[in-house]
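Atom set for the values below is all heavy atoms of this structure, side chains included, hydrogens, waters and symmetry mates excluded.
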Amino acid sequence: MNQPLPACRSCNSTGLISILNLGRTPLANGLLTAEKLSAEEATYPLELVFCKHCTLIQITETVPPEQLFSEYFYRSSFSDTMLRHARELSAKLVAERGLDRDSLVIEVASNDGYLLQYYQAENVVVLGIEPAQNIARIAQEKGIPTISEFFGAETAAKLRAEGKRADVIHANNVLAHVADLNGFISGLGMLLKDNGVAVIEAPYVKDLIDRSEFDTIYHEHLCYFSLTALNTLFARHGMVIQDVERLEIHGGTLRIYVGKDGHASNSATQSAAVEQLLQEESEWGVGGWEFYSGFGAKVEFLRSELVSLLRRLKGDANRIAVYGASAKGSTLLNYFGVGRETLDFVVDRSIIKQGHYTPGTHLPIYSPEKLLEAMPQYTLLLTWNFAAEVLEQQAEYRRRGGKFIIPVPQVRIV
């Protein structure tokens with residue numbers, strides 16, 4: 001049963017302040033088969049709130065993780081950008097930390113092995129932890145040891161009892177999905193070697209606000225992090241953020257490097273980059289309501305701009321397709337109220353999404369080849385965070401006159 005949020009997921013404080021209410025929406029990755037189109041579709045409240053005590057931004061509803069992740073439609077390996085990102089990150093860690101066949105790298109929410117495969121190619125021992133059974137099986141078939149469990153203190157204690165301690169733990173785009181933040185961080189500390197490092201990537205809340213990236217908000221994403229909120233969270237568990245990088249991937253991401261505070265082989269001090277970003281956050285008002293207060297108005301302006309454009313184009317008898325059966329696309333279409341009256345179909349590279357229908361809007365999903373077959377005049381790019389990759393892949397569609405509409409951070413046609 002889904003539960004409304006009584007208190008902050010990090011510090012347990014009450015008095016959370018509403019930033020944006022997106023109403024009731026279906027689960028963003030709840031793709032439908034043709035047989036389920038006539039059945040009533042479940043929807044859940046989607047409201048973004050602010051904790052004035054620890055600065056964490058979060059949503060109020062917790063849908064059980066078993067309902068969201070036991071069977072999953074997202075595969076990282078279908079994105080060339082994600083594969084390149086993973087290859088570069090693994091090479092960096094192997095070189096910097098001297099990883100070899102005596103090292104252990106664990107990834108939490110390891111998906112289909114898109115990252116661990118690069119460590120394995122360097123003869124580093126790997127272990128994936130992936131709760132989605134269908135995705136875990138794909139990794140296992142590729143020869144990547146993977147257990148299908150939700151990660152937390154209990155799983156960490158079991159692995160530690162088996163003698164597993166990690167030199168590196170990766171947690172890419174998973175911390176935002178975790179309801180029990182404190183249990184998750186406790187598990188990382190338990191499983192990490194004393195001189196090990198946890199490398200964690202999560203969407204950066206300032207980019208979300210500045211760029212009107214409201215479509216990043218959906219039921220899987222429970223939290224939206226600043227470095228300030230992360231610093232407080234990890235310090236509570238005797239861990240220190242040693243370094244931080246800001247990345248452009250996914251519309252703006254923080255990558256943090258976390259070690260055990262006070263261990264002789266770890267620096268107890270934080271890097272200049274950490275200190276600088278914490279100071280910057282203080283200056284732009286990370287702890288105050290004022291910074292977040294205008295977000296709703298930005299989203300409403302974006303809705304007005306995009307809906308007006310789509311209606312005008314449709315009124316001129318243009319066919320409009322969609323690229324990307326993404327979770328963020330589901331949030332955008334359902335909140336903006338755009339569906340089959342305006343859009344003709346969706347294309348996506350993921351073969352496990354093809355043949356399904358989008359949640360709420362019930363648009364059929366095809367392979368990208370459908371764009372060249374049907375040649376719609378316009379295609380709404382809902383995976384705008386991979387715009388450069390998609391535009392390159394769709395060079396022939398564009399050469400023939402097809403145009404893409406990019407909706408975020410501002411509406412534009414390319």
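- Between Leu116 and Val126, the shortest heavy-atom contact is O-CG1, 3.9 Å.
- Ser304 places no side-chain N or O within donor-acceptor distance of the main-chain N or O of Phe301, the cut-off being under 3.5 Å.
- Under 3.5 Å, the side chains of His362 and Glu41 contain a donor-acceptor pair of N or O atoms.
- Distance alone, capped at 3.5 Å, is enough to place a donor-acceptor pair between the Thr155 side chain and the Phe150 backbone.
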Inset, instruction - Walk me through it: do Glu154 and Lys158 pass the test salt bridge (charged side-chain N to carboxylate O under 4.0 Å, His left out)? - result: CA-CA 6 Å; Glu154 184 178 344; Lys158 182 177 70 172; over 6 Å; no
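- Closest non-hydrogen pair, Arg349 versus Gln354, comes out as O-NE2, 3.5 Å.
- The ring pair (Phe, Tyr, Trp, His ring centres under 6.0 Å) with Phe50 is formed by just one residue from the set Phe291, Tyr292, Phe295, Tyr224; it is Tyr292.
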Legend entry - Full working for side-chain contact (heavy atoms from CB on, under 4.5 Å) between Phe234 and Ile256: CA-CA 11 Å; Phe234 280 96; Ile256 59 173; 3.7 Å; yes
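- The CD1 atom of Ile365 lies 9.0 Å from the OG atom of Ser350; values are rounded to the nearest 0.5 Å.
- A distance-only check finds a donor-acceptor pair linking the side chain of Arg236 to the backbone of Ser10 [under 3.5 Å].
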Inset, instruction - Apply side-chain contact (heavy atoms from CB on, under 4.5 Å) to Val347 and Phe345, showing your working. - result: CA-CA 7 Å; Val347 300; Phe345 58 86; 3.7 Å; yes
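- Scanning both residues, Pro359 and Gly30, for their nearest heavy atoms gives CB-O, 3.5 Å.
- Atom CE of Met375 and atom CG of Leu372 lie 7.0 Å apart (nearest 0.5 Å).
- Between Glu245 and Tyr257 there is a side-chain heavy-atom pair separated by less than 4.5 Å.
- For the residue pair Tyr114 / Glu107, a side-chain donor-acceptor distance below 3.5 Å is found, with atom types taken as modelled.
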Legend entry - Stepwise side-chain contact (heavy atoms from CB on, under 4.5 Å) check, Lys206 with Ser226: CA-CA 7 Å; Lys206 186 162 194 300; Ser226 63; over 6 Å; no
Inset, instruction - Take Glu47 and Ser18 through the side-chain hydrogen bond (donor to acceptor under 3.5 Å, both in side chains) test and state the conclusion after the steps. - result: CA-CA 7 Å; Glu47 183 179 11; Ser18 179; 2.7 Å; yes
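- Without hydrogens or angle criteria, Asp112 side chain to Ala139 main chain gives no donor-acceptor distance under 3.5 Å.
- Proximity of the aromatic rings of His177 and Phe184 is defined here by a centroid distance below 6.0 angstrom, and this criterion is not met.
- Residues Lys328 and Leu382 fail the side-chain proximity criterion, which asks for heavy atoms closer than 4.5 Å.
- Side-chain contact between Ile352 and Ile135 is present, with at least one heavy-atom pair separated by less than 4.5 Å.
- Interatomic distance, CD of Gln410 versus CG of Leu306, reported as 12.5 Å (0.5 Å rounding).
- Within the 3.5 Å criterion, the main-chain N or O of Leu31 finds no donor-acceptor partner in the side chain of Lys353.
- Taking the side chain as every heavy atom from C-beta outward, Ile405 and Leu381 never approach each other to under 4.5 Å.
- When side chains are defined from C-beta on, Phe151 counts as touching Leu188, because their heavy atoms get closer than 4.5 Å.
- In the model, Glu201 has a side-chain atom that pairs as donor or acceptor with a side-chain atom of His85 under 3.5 Å.
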Inset, instruction - For salt bridge (charged side-chain N to carboxylate O under 4.0 Å, His left out), just list the numbers for Arg255 and Glu88, CA-CA rounded to whole Å, side-chain angles, deciding distance to a tenth of an Å, and then say yes or no. - result: CA-CA 13 Å; Arg255 176 191 288 162; Glu88 292 170 354; over 6 Å; no
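- Within the 4.5 Å cutoff, the side chain of Leu115 has heavy atoms near those of the His170 side chain.
- Using a 4.5 Å cut-off on side-chain heavy atoms (C-beta onward), Thr358 and Val322 make no contact.
- In terms of heavy atoms, Leu371 sits closest to Pro376 at O-CD, 3.6 Å.
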Legend entry - Worked check of side-chain contact (heavy atoms from CB on, under 4.5 Å) between Leu333 and Leu363: CA-CA 11 Å; Leu333 294 181; Leu363 293 161; 4.2 Å; yes
Legend entry - Check against side-chain hydrogen bond (donor to acceptor under 3.5 Å, both in side chains), Thr331 and Asp215: CA-CA 5 Å; Thr331 292; Asp215 53 347; over 6 Å; no
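- Comment: Lys92 does not engage Glu122 in a salt bridge, judged by the lack of any side-chain N to carboxylate O separation of less than 4.0 angstrom.
- Between the CG atom of Asn134 and the OG atom of Ser148 there is a distance of 8.5 Å, given to the nearest 0.5 Å.
- Tyr204 is listed as a side-chain neighbour of Arg246, based on a closest heavy-atom distance under 4.5 Å.
- A donor-acceptor contact shorter than 3.5 Å is absent between the side chain of Gln133 and the backbone of Pro131.
- Thr62 and Arg9 are linked by a side-chain donor-acceptor pair at a separation below 3.5 angstrom, with hydrogens and angles left out of the test.
- The closest donor-acceptor contact from the side chain of Lys314 to the backbone of Thr342 lies under 3.5 Å.
- No hydrogens or angles considered: a donor-acceptor pair under 3.5 Å links the side chains of Asn231 and Gln270.
- Note that the CZ atom of Phe225 and the OG1 atom of Thr253 stand 12.5 Å from one another [nearest 0.5 Å].
- Side-chain contact, Arg137 with Thr146: no donor N or O sits under 3.5 Å from an acceptor N or O.
- Judged purely by atom type and a 3.5 angstrom limit, Asn318 has no side-chain atom pairing as donor or acceptor with the backbone of Gln377.
- Remark: Glu341 CD is packed, more than 12 non-hydrogen atoms of other residues, nucleotides or ligands lying under 6.0 Å away.
- Side-chain atoms of Glu275 and Gln279 form no donor-acceptor pair, as typed in the model, at a separation below 3.5 Å.
- The closest donor-acceptor contact from the side chain of Arg303 to the backbone of Tyr335 lies under 3.5 Å.
- With Ile57 as the partner, the side chain to side chain contact (heavy atoms under 4.5 Å, CB included) test is satisfied by one option alone out of Val205, Val49, Leu16, Val286: Val205.
- Side chains of Gln242 and Ser271: no donor on one and acceptor on the other come within 3.5 Å.
- Closest non-hydrogen pair, Arg24 versus Thr43, comes out as NH2-O, 2.6 Å.
- For Ser103 against Asp167, the heavy-atom pair with the smallest separation is CA-OD2, 3.2 Å.
- With hydrogens and angles disregarded, a donor-acceptor distance shorter than 3.5 Å links the side chain of Glu130 to the backbone of Asn111.
- Two rings, from His219 and Tyr44, have their centers less than 6.0 Å apart.
- Rounding to the nearest 0.5 angstrom, the gap separating the CD atom in Glu389 from the CG atom in Asn385 is 9.5 Å.
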